[in-house]
Amino acid sequence: MPRSGKKVIHFYNSSGNLENTIKFLEKIQEKVNYINLNATVSGKSIKITIYGSRDLQYLACERLRNLAEIYLC
């Protein structure tokens with residue numbers, strides 16, 4: 001059985017555009033639906049906590065990084 005736990009990832013919206021942050025969060029809802037996560041936005045900083053098996057955490061992290069490159073750069 002895969003080990004489970006939590007992983008915290010931090011992203012930074014370098015453009016500072018609120019619309020980009022909203023699009024990023026909407027795409028997360030669309031694309032990452034196989035694992036539990038919480039997102040907290042504070043200014044330009046975005047903190048995402050992922051809960052579940054390590055295999056799914058790894059897949060979710062890769063997808064989140066790809067989405068961040070598109071919307072937060």
Side-chain angles (χ1 to χ4, degrees):
M1 180 175 183
R3 294 177 55 181
S4 63
K6 80 174 184 178
K7 182 174 180 102
V8 179
I9 304 174
H10 295 274
F11 294 104
Y12 188 75
N13 184 3
S14 58
S15 69
N17 190 348
L18 183 60
E19 288 182 28
N20 289 347
T21 303
I22 293 170
K23 287 179 186 177
F24 176 64
L25 295 173
E26 287 174 346
K27 285 296 179 181
I28 289 174
Q29 278 186 318
E30 243 178 67
K31 302 280 184 178
V32 184
N33 54 8
Y34 48 84
I35 194 165
N36 294 328
L37 60 86
N38 291 331
T40 306
V41 178
S42 177
K44 292 183 180 182
S45 176
I46 301 169
K47 176 184 169 185
I48 298 178
T49 308
I50 302 171
Y51 302 94
S53 69
R54 290 195 181 182
D55 294 340
L56 292 177
Q57 286 180 13
Y58 176 76
L59 292 172
C61 289
E62 289 300 315
R63 186 160 284 181
L64 289 171
R65 286 187 185 109
N66 291 339
L67 290 172
E69 285 179 17
I70 295 169
Y71 293 101
L72 301 180
C73 290

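The structure presented is a predicted model; accordingly, all values stated were derived computationally and were not measured.
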| said: If you define the side chain from C-beta out and look only at heavy atoms, does anything of Ile46 sit under 4.5 Å from Tyr12? | reply: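 No; the side chains remain at least 4.5 Å from each other.
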
| Same apolar cluster: Leu64 and Val8, side chain cutoff 4.5 Å |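 Result: no, two separate clusters.
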
| said: Are Ile28 and Tyr51 connected into the same hydrophobic cluster when the rule is that any two of I, L, V, M, F, W, Y join if their side-chain heavy atoms are below 4.5 Å apart? | reply: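 Different clusters.
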
Is a side-chain donor or acceptor of [X] paired with a backbone partner of [Y] at a separation under 3.5 angstrom?
X	Y	answer
Arg63	Val32	no
Asp55	Leu59	no
Gln57	Gly5	yes

| query | Is Lys7 atom NZ crowded by more than 12 heavy atoms from other residues, nucleotides or ligands, each under 6.0 Å away? | reply |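 Result for NZ/Lys7: open.
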
| Glu30 atom CD: more than 12 heavy-atom contacts under 6.0 Å |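 More than 12 within 6.0 Å, yes.
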
Which distance, rounded to the nearest 0.5 Å, do you find between the [atom1] of [X] and the [atom2] of [Y]?
X	Y	atom1	atom2	result
Glu26	Lys31	CD	NZ	13.0 Å
Leu18	Lys44	CG	NZ	12.0 Å
Thr21	Asn13	OG1	CG	3.5 Å
Leu56	Ile35	CG	CD1	5.0 Å

Per-pair distances, 0.1 Å, donor-acceptor, side chain in residues 66-73, under 3.5 Å, sequence neighbours excluded:
from	atom 1	to	atom 2	distance (Å)
Asn66	ND2	Glu62	O	3.4

| message | Under 3.5 Å, is there a donor on one side chain and an acceptor on the other for Asn38 and Thr49? | response |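 Side-chain D/A pair, Asn38 to Thr49: absent.
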
| query | At their closest point, which heavy atom of Leu25 faces which heavy atom of Ala39, and how far apart are they? | reply |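 Taking Leu25 first and Ala39 second, the nearest heavy atoms are CD2-CB, 4.0 Å.
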
